[in-house]
Amino acid sequence: TVGELLAFTAFIGYLYTPLTSIVGLMVPIQEVLVHTKRFYDVYDVQSEVQDPVKPVTINRVDGHVVFSRVTFGYEPDRPAIRDVSIDIPAGKQVAIVGETGSGKSTLVSLIPRFYDPQSGSIAIDGIDIRDMSLNDLRSQIGLVMQMPHLFVGTLEDNITCGRKGFDKRQVIEAARSANCHDFISALPDGYHTAVGEKGVTLSGGELQRVAMARVFLLDRPILILDEATSAVDQQTEFLIQGALKRLTQGRTTFVIAHRLSTVQDMDIILVMQDGIIVEQGDHESLLEEKGYYYRLYTKVPET
């Protein structure tokens, strides 16, 4: 009948809208499924670097670092560093130089156990780092990378890394030592200024100095500095170098550098080529040898 036809048509309208909505949900549901699968793929990954069953208890180390015939590769049959043996007394400043891909960053990444070597061992103050808990080991090491990471939060939160127990005086003193107190104080909200993910609101030099303020505040006995001044102008580099001189005093320091002019005052210079330490000494003695370091420093091509 006409009435049944009108009723049927009206009910079809009521049914069509939720059906359309359900069909429209299929795309976001599929996206959620893909993202969830990817999340669990990452979440379920087991780290190859594990804490020892019975870790050695350590407090504060002196910083005597020894590599004993260390070989490591990201692929088992392609070592990135080979048979490296070095003995770094506590408090010494060590520069690691060489061309891109020579193994400089890989070498220092083994100290905080970002990776474990395939053979050989690394010891700090005579204790194999694999016998230390990861938390104890990494609490002894300060890192300043080429592109330091800042988190969403205030500048004060980023300097303290969210840790409690530091008062404002200690934070300001660390910032002064890192030559970043002046620019922070000039900001409208000072130390309470919010920064975006990865510190997008700061310049490269400001990022570096905030990262150094962290290390000053945390007072780590071993430092790893990976190209800390490579991406800044000369004036900013001068400020950073001043902070670095204060930062490295009395600490065992590993500095990765491409600008050889910045490593002349280092106690020990390790020259790497193809994953091997080919030369070792101070600036003057290496120049006198007129070997690979001499060619890097004077940019003389190898014959």
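Values below: all heavy atoms of this structure, side chains included; hydrogens, waters and symmetry mates excluded. Numbers for residues simply follow the sequence, beginning at 1.
Rounding to the nearest 0.5 angstrom, the gap separating the CD atom in Gln170 from the OG1 atom in Thr160 is 10.5 Å. Here the CD1-CD1 distance, from Ile122 to Ile86, works out to 8.5 Å after rounding to the nearest 0.5 Å. To the nearest 0.5 Å, atoms CZ (Phe254) and CD1 (Ile222) are separated by 7.0 Å. From Gln30, atom CD reaches atom NE2 of His35 across 11.5 Å, with rounding to the nearest 0.5 Å. For the atom pair Asp189 CG and Thr154 OG1, the distance stands at 10.0 Å (nearest 0.5 Å). The line from CD1 of Ile129 to CD1 of Ile111 is 8.0 Å long, rounded to the nearest 0.5 Å.
The nearest pair of heavy atoms linking Ala174 to Ala213 is CB-O, 3.5 Å. Contact between Ser121 and Arg130 at its shortest, heavy atoms only, is CB-NH2, 3.4 Å. Residues Pro79 and Thr71 come closest through the heavy atom pair CB-CG2, 4.0 Å. Counting all heavy atoms, side chain and backbone alike, Asp136 lies closest to Ser139 at O-OG, 2.7 Å. Heavy atoms only, all atoms of each residue included: Tyr74 and Ala80 are closest at CE1-CB, 4.1 Å. Across all non-hydrogen atoms, the minimal contact from Pro89 to Ile268 is CD-CD1, 4.4 Å.
Asp219 places no side-chain N or O within 3.5 Å of a backbone atom of Val215 that could act as its donor or acceptor partner. Under a 3.5 Å cut-off, the side chain of Arg251 and the backbone N or O of Arg220 do form a donor-acceptor pair. A distance-only check finds no donor-acceptor pair linking the side chain of Gln273 to the backbone of Val278 [under 3.5 Å]. Within the 3.5 Å criterion, the main-chain N or O of Pro112 finds a donor-acceptor partner in the side chain of Arg138. In this structure, the side chain of Ser68 does not engage the main chain of Gly120 through any donor-acceptor pair within 3.5 Å. Checked by atom type and distance alone, the side chain of Lys104 never pairs as donor or acceptor with a backbone atom of Met272 at under 3.5 Å. Looking only at distances, a side-chain donor or acceptor of Thr252 sits under 3.5 Å from a matching main-chain atom of Gly91. No side-chain donor-acceptor contact under 3.5 Å links Arg113 to the backbone of Ser133. Side-chain atoms of Thr17 do not come within 3.5 Å of backbone N or O of Tyr14 as any donor-acceptor pair.
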* Asked: Does the pair Ile269 and His283 meet the rule for a side chain to side chain contact (heavy atoms under 4.5 Å, CB included), with working shown?
  -> CA-CA 7 Å; Ile269 299 174; His283 175 71; 4.0 Å; yes
* **side chain to side chain contact (heavy atoms under 4.5 Å, CB included) assessment of Val263 paired with Tyr297** => CA-CA 11 Å; Val263 304; Tyr297 187 76; over 6 Å; no
* Go through the steps to decide whether Leu223 and Val144 satisfy the test side chain to side chain contact (heavy atoms under 4.5 Å, CB included), and finish with yes or no. => CA-CA 8 Å; Leu223 301 181; Val144 181; over 6 Å; no
* Test side chain to side chain contact (heavy atoms under 4.5 Å, CB included) on Ile184 and Ile159 and set out the steps. => CA-CA 12 Å; Ile184 293 176; Ile159 293 174; 4.2 Å; yes
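The 12-atom threshold is exceeded at CG of Asp167, counting heavy atoms of other residues, nucleotides or ligands nearer than 6.0 Å. Heavy atoms of other residues, nucleotides or ligands lying less than 6.0 angstrom from CG of Asn59 number 12 at most. The number of heavy atoms from other shown groups lying within 6.0 Å of CD (Glu289) is above 12.
When each of His181, Glu156, Lys168 is paired with Tyr191, the side-chain hydrogen bond (donor to acceptor under 3.5 Å, both in side chains) condition holds for His181 and for no other.
At a threshold of 4.5 Å between non-hydrogen side-chain atoms, the residues Tyr16 and Thr20 count as touching. Using a 4.5 Å heavy-atom threshold, the side chains of Tyr293 and Val97 count as touching. Side-chain contact between Ile127 and Met132: present, with at least one pair of heavy atoms (C-beta onward) separated by less than 4.5 Å. Contact annotation: the side chain of Leu270 never approaches that of Val84 to less than 4.5 Å [non-hydrogen atoms, C-beta and beyond]. For the pair Leu150/Arg214, a side-chain contact is recorded, criterion being any heavy-atom separation below 4.5 Å from C-beta on.
Partners of Phe39 under the ring-ring contact (aromatic ring centres under 6.0 Å, His included) rule, at least two apart in sequence or in another chain, are Tyr43.
Tracing side-chain contacts under 4.5 Å through hydrophobic residues (I, L, V, M, F, W, Y), one reaches Tyr115 starting from Leu137; they form part of the same cluster. Residues Leu25 and Leu33 are members of one and the same hydrophobic cluster, defined by side-chain heavy-atom contacts under 4.5 angstrom among Ile, Leu, Val, Met, Phe, Trp and Tyr. Residue Ile58 is not grouped with residue Leu134 when hydrophobic side chains (ILVMFWY) are merged at heavy-atom distances under 4.5 angstrom, including chains of intermediate members. No continuous path of hydrophobic side-chain contacts links Val66 to Ile277 [ILVMFWY only; heavy atoms under 4.5 Å]. Note on Phe114: it clusters hydrophobically with Phe67, by side-chain heavy-atom contacts below 4.5 Å among ILVMFWY residues.
Comment: Arg60 does not engage Asp125 in a salt bridge, judged by the lack of any side-chain N to carboxylate O separation of less than 4.0 angstrom.
Side-chain contact of Glu279 with Tyr294: a donor-acceptor pair under 3.5 Å is absent, judged by distance alone. Between the side chains of Asp87 and His64, at least one donor-acceptor pair of N or O atoms lies under 3.5 Å.
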